[in-house]
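Convention: sequence-line order gives letters A, B, ...; per-chain numbering from 1. These numbers come from the heavy atoms of this one structure, side chains and all, not from hydrogens, waters or symmetry mates.
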Amino acid sequence: VTKTQLPMKVTGFIVAGLTCAGLVVAAWHGNSAQQAQIASVAQGATVIDEMSGETFTPETTEPSQDVLSAEAAYQQWGQGGETPPPTATVQRGFLTFPTGTGEYTANHQLVYAYSWTACQPAIGAPNSQGSTLIDPSDSPSPQFCTQWVFLDASTGELIDMTWSE
Amino acid sequence: MGVDIVGDATQPQVVEGVSSDGSWRASSRGGTVFVRASRRLVTLLILGSMVLLSAELVASPASATAVDCTTASNHAWTGGSWFPTGTNFAAGVQAPIQFRTASRVCNSGGIGEPDGSSAWIAIVNGQGGNLIAQIGFLKLVTNFSTGDVSNCRFWAHGTGQAHSYKCGDDSDGDRFWFRIEALPDPDQPLHPEVYALEDCGTSGGYGSCITKDFTQQAWSNGVGYTLNEVGYACDDKVMGSSSSRVNYGIGTYPIKGQNSFGGAWAIHDWAGFDLIQSGTFCNHYFHSVWANDEIVQTWDSQN
């Protein structure tokens with residue numbers, strides 16, 4: 001690293017940091033007490049569903065397309081008046097969700113990702129003793145579960161709502 | 001400003017409230033502040049309150065439809081299962097499911113196990129298996145603060161991770177054709193069978209399906225289910241009422257299955273059951289009625 005390169009690198013970090021901060025602030029314009037807390041934008045992808053290969057990658061640059069605010073997108077999905085839980089975090093980024101057929105439910109689609117602590121409702125088959133066998137929420141404590149809602153950042157359309165541990 | 005009107009509107013009124021502009025004459029009775037107002041003022045207050053109430057109702061989101069969950073989570077199911085015999089197994093299950101909005105899901109507040117009411121078809125990896133391929137309808141609380149619920153379609157695979165979609169798009173009585181079909185995966189070596197979880201829409205039949213998932217490798221010991229389920233058996237009601245039931249199969253499209261990979265779609269022997277999780281002691285009102293292994297209707301008589 002030369003003396004001339006160092007300031008440029010530091011400046012680059014500052015610019016990147018400010019850009020990220022700006023994106024996060026821009027992502028949520030609501031003024032309600034129930035509005036979601038802002039998540040820090042993490043680098044790298046989060047695996048949402050390992051079997052499907054569903055991943056979410058937070059955005060680190062300005063969007064190249066018109067987007068709704070995070071609040072507007074959620075309200076669009078909720079048909080007005082809906083807000084995510086007060087404990088929710090929201091990030092903007094890219095969702096990739098293969099179907100396994102070679103096609104995609106979402107292919108690097110720009111979305112808002114709302115997430116909060118909640119386990120999946122148990123939906124499964126009984127055994128002969130009448131206890132559910134297939135129940136992802138049986139084993140983990142709620143604090144280890146995350147509910148995800150992915151909405152198209154431009155339209156507010158629901159792409160996927162799922163739960164991960 | 002909150003205002004409560006007390007007494008007969010034709011008589012001199014006692015209005016309990018807070019005056020913001022000082023125009024009311026206030027008096028105190030035993031520590032409680034009262035305002036003795038004229039009939040005209042009361043009329044104005046009533047009209048004003050109605051305006052405020054109307055504005056509040058318009059501005060509020062959808063009203064809560066859930067009650068608090070008062071008991072431990074215990075499941076209940078009504079519907080049926082298909083346990084093929086011999087070397088046969090459930091390789092595919094298909095049925096139209098008629099969705100019903102009538103049901104109640106309690107609000108767990110996000111604490112403990114969340115709640116849900118669902119109607120679906122599935123294949124499980126044998127009796128007592130822990131893997132599932134599943135598709136159908138799911139009603140769940142999506143706003144723990146208000147108890148607001150969403151009606152979604154969903155599918156699940158593996159140990160049961162569910163993916164909900166089209167929440168809010170479907171109406172009471174809508175009938176969707178769903179199919180779980182094991183197909184060879186051309187992209188894998190040896191082309192093993194993989195379950196295609198297919199949403200075939202409302203037009204009727206299985207000619208135009210969207211594969212929602214094709215990642216769950218199929219099992220050679222599959223058993224089939226058509227079930228209507230809730231998570232809090234004592235607080236909840238499964239979908240459907242006695243007059244508007246959840247229907248699996250209809251006359252022209254009965255419930256069918258494949259009893260081998262690539263086998264013919266046919267009617268098989270289904271066993272109906274109404275089951276509540278062991279250890280649960282409360283009355284339940286869910287029902288299922290089968291017609292010749294072709295159609296099952298499920299509902300809760302409290303809806």
**Q** Side chains of Ser288(B) and Asp274(B) only: does a donor on one sit below 3.5 Å from an acceptor on the other?
**A**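 Side chains of Ser288(B) and Asp274(B): pair found under 3.5 Å.
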**Q** What residue in Asp160(A), Asp49(A), Ile48(A) has the most heavy-atom pairs under 4.5 Å with chain B?
**A** Asp49(A)
**Q** With a 4.5 angstrom heavy-atom cut-off, which part of Asp115(B) approaches chain A: side chain, backbone, both or neither?
**A**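 Only the backbone of Asp115(B) comes within 4.5 Å of chain A.
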**Q** Quick check on Trp116(A) against chain B: is it the side chain, the backbone, both or neither that has a heavy atom closer than 4.5 Å?
**A** side chain
**Q** Are a donor atom and an acceptor atom from the side chains of Thr215(B) and His157(B) found within less than 3.5 Å of each other?
**A**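 Looking only at side-chain atoms, His157(B) and Thr215(B) do form a donor-acceptor pair, the distance falling under 3.5 Å.
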**Q** Checking side-chain polar atoms at under 3.5 Å, does Ser117(B) have a donor or acceptor matched by the opposite partner on Glu229(B)?
**A**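 No pair is found: no donor N or O on one side chain lies under 3.5 Å from an acceptor on the other.
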**Q** Assess the pair Phe56(A) and Phe150(A): is the distance between their ring centroids shorter than 6.0 Å?
**A**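 Yes.
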**Q** Quick check on Glu54(A) against chain B: is it the side chain, the backbone, both or neither that has a heavy atom closer than 4.5 Å?
**A** side chain
**Q** Are the charged groups of Asp199(B) and Lys212(B) less than 4.0 angstrom apart, N to O?
**A**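 Result for this pair is no, no salt bridge flagged.
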**Q** Under 4.5 Å from any heavy atom of chain A, what part of Ser118(B) do you find: side chain, backbone, both or neither?
**A**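 It is the side chain, since no backbone atom gets that close.
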**Q** With only heavy atoms counted, which part of Leu138(B) is less than 4.5 Å from chain A, the side chain, the backbone, both or neither?
**A** side chain
